[in-house]
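Letters A, B, ... mirror the listed sequences (proteins, then strands); counts begin at 1.
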2 protein chains.
Amino acid sequence: MVRKPTSKETARKPNMREAILAAAEELFATNGFNAVSVRDIAQAAGANPGSVTYHFKTKDGLLLEIYRRHCGPMNLRRSELLAAARRVRDLQDRLEAIVRAYVVPAFTSGSDLAGGGARFTRLRAVMSAEGNEVARRIIAQTFDDTSHAFIDAIHESLPHVPRTEIVWRSHFLLGALYYSLVTPERVSRLSRGEADGSDAAAAIEQLVQATVASFQAPALDQAAPARRRATASNKT
Amino acid sequence: MVRKPTSKETARKPNMREAILAAAEELFATNGFNAVSVRDIAQAAGANPGSVTYHFKTKDGLLLEIYRRHCGPMNLRRSELLAAARRVRDLQDRLEAIVRAYVVPAFTSGSDLAGGGARFTRLRAVMSAEGNEVARRIIAQTFDDTSHAFIDAIHESLPHVPRTEIVWRSHFLLGALYYSLVTPERVSRLSRGEADGSDAAAAIEQLVQATVASFQAPALDQAAPARRRATASNKT
DNA sequence: ATGTGATTTGTACTATCGTACAAAAAATCA
DNA sequence: TGATTTTTTGTACGATAGTACAAATCACAT
């Protein structure tokens with residue numbers, strides 16, 4: 001007799017929990033958290049609204065579980081790639097490898113289907129823009145360590161650039177990365193169809209190239225002691 | 001007898017329409033469109049919910065009016081600065097002037113109070129992330145012309161870089177710009193207090209410096225005919 | 001001062017939100 | 001199989017959403 005697979009093993013058939021997670025991820029990533037209702041998610045997953053409550057208790061709990069699901073694999077992948085990058089001898093090559101170790105897992109997560117990593121990263125971008133409280137807490141706990149590790153690694157390969165500047169430029173990197181996933185069609189539109197903003201491989205290459213160049217730019221000396229400056233600064 | 005100012009002139013006292021606009025701008029920019037209710041806006045403006053309906057008919061109409069209010073002055077300022085930048089002889093200096101002409105008005109709009117430009121730009125960033133339909137329409141109509149003008153100007157000062165790459169890199173610029181306004185506290189946090197992410201002047205300098213460097217990076221030759229590529233591309 | 005149009009207020013309507021919960025169904029195991 | 005647990009369904013409740021609208025109030029020209 002053929003043993004029936006247990007629910008843990010059935011990844012194909014009606015695994016409602018997974019279907020709901022996938023649907024929520026997709027909807028949150030494209031429309032934001034508040035624009036999507038629990039009913040929308042249930043419908044997209046072919047489930048009953050009550051089923052969402054059963055599996056995740058609250059809407060926040062659902063978002064939390066999406067993060068919990070992705071953060072581990074993604075940061076693991078990043079630290080593996082970062083460790084490998086650190087071993088590159090040539091400083092120029094090492095810098096590129098580090099940047100690549102940061103960018104690549106954001107587009108292609110190791111855990112699931114094609115586009116899974118990009119979809120989660122887009123979700124993070126949208127949650128960040130919406131100032132989502134749940135996301136904010138998770139990010140501060142989970143991603144700051146990773147960010148510091150990358151900043152330190154970059155600083156090692158660019159010892160003459162002050163750390164503050166590296167922070168700024170890696171911040172720009174994350175912003176560019178996010179925006180590339182949020183509005184890929186803008187690239188296609190502005191290039192009049194010559195580039196495909198949804199082509200992850202192309203986006204990665206462009207992003208890595210541009211970012212490495214920005215890191216290698218000469219430092220703004222005045223910015224190092226940024227605290228004491230009497231510029232006509234416009235607080236935002 | 002002292003003439004009483006007409007309602008058009010009174011900018012100080014209870015100009016409800018303006019108060020509502022300002023409150024909505026602030027709330028939308030920090031929390032997104034869907035998380036903010038008309039009642040929230042009315043309360044923040046010290047107005048009655050019905051007053052919002054009276055002045056702007058719908059919530060979408062309110063957002064529309066915010067855009068209508070800012071787009072004109074900001075794009076005007078940008079084209080003035082761009083025209084001036086185009087006249088710079090030295091190609092290196094010209095490139096920096098062009099980038100600055102793009103960035104500066106996004107932080108400091110000419111029309112209103114301190115932080116007004118940055119607040120509106122942050123609003124645009126958030127609307128873009130949320131995939132807001134109203135914003136999407138306005139952007140395609142209003143901002144694409146400006147973007148093309150800047151891309152063309154940059155291309156003129158970097159004739160050896162293919163236009164496609166300039167599109168990518170200016171896209172990254174906008175993403176970095178947006179993100180700097182959306183999460184300035186992240187810069188402060190990651191730099192351990194050494195940098196102030198809310199310091200617009202510092203952000204502008206860092207952004208201009210990094211972006212100019214990225215534009216000057218060597219072109220990815222393979223990316224020019226990007227349409228015909230058989231990379232293991234991961235569509236997002 | 002008074003009448004008139006512009007604005008503000010208060011309230012109400014309908015729709016939809018997140019969530020709770022009991023009943024039904026499915027799955028699991030002795 | 002029958003008992004028990006897990007999952008799904010259906011429905012309902014209170015809260016809040018956007019918007020409409022009549023009444024009240026204000027600004028101002030005559």
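C/dC17 atom C1' lies 12 Å from atom CZ of A/F33, rounded to whole Å. Rounded to an integer number of Å, the gap from CG of A/D40 to C1' of C/dG18 is 12 Å. If you take NZ of A/K57 and P of C/dT19, they are 10 Å apart, rounded to a whole angstrom. Atoms NE2 (B/H55) and P (C/dT7) sit 6 Å apart, rounded to a whole Å. Distance A/E18 CD to D/dT8 P: 12 Å, rounded to the nearest Å. Here C/dA6 presents its C1' atom at 13 Å from CG of B/N15, a figure rounded to the nearest Å. One can place CD of A/Q43 at 17 Å from P of D/dT8, the figure rounded to the nearest angstrom. Computed from coordinates, the B/Y54 OH to C/dT8 P distance equals 7 Å when rounded to whole Å.
Among D/dA20, C/dG18, D/dG18, the nucleotide with an atom closest to any side-chain atom of A/R39 is C/dG18. The nucleotide whose nearest atom lies closest to any side-chain atom of A/K59 is, among C/dT19, D/dA20, D/dT8, C/dT19. For B/S37, counting side-chain heavy atoms from C-beta on, the closest listed nucleotide (C/dA20, D/dG18, C/dT8) is D/dG18. Relative to the side chain of B/V38, the nucleotides D/dG18, D/dA20, C/dC17 differ in distance, and D/dG18 lies closest.
Between A/F33 and A/F28, the ring planes are tilted. Angles from 30° to 60° get that label. Taking the six-membered ring where the residue is Trp, B/F172 and B/W168 present tilted rings, their angle falling between 30° and 60°.
Toward the 5' end of DNA chain C, the nearer of the two residues B/I20 and B/P49, judged by each one's closest nucleotide, is B/I20.
Ion pairing between a basic and an acidic side chain is recognised when a charged N comes within 4.0 Å of a carboxylate O; B/K57 and B/E65 show no such pairing. A salt bridge is defined here as a Lys NZ or Arg NE, NH1 or NH2 lying under 4.0 Å from an Asp or Glu carboxylate O, and B/E205 with B/R100 meets this definition.
Side-chain N/O atoms of A/N48 include none lying less than 4.0 angstrom from OP1 or OP2 on D/dT8.
For the salt bridge (charged side-chain N to carboxylate O under 4.0 Å, His left out) with B/D144, the qualifying choice from A/R186, A/R189, A/R192 is A/R189, the only one to do so.
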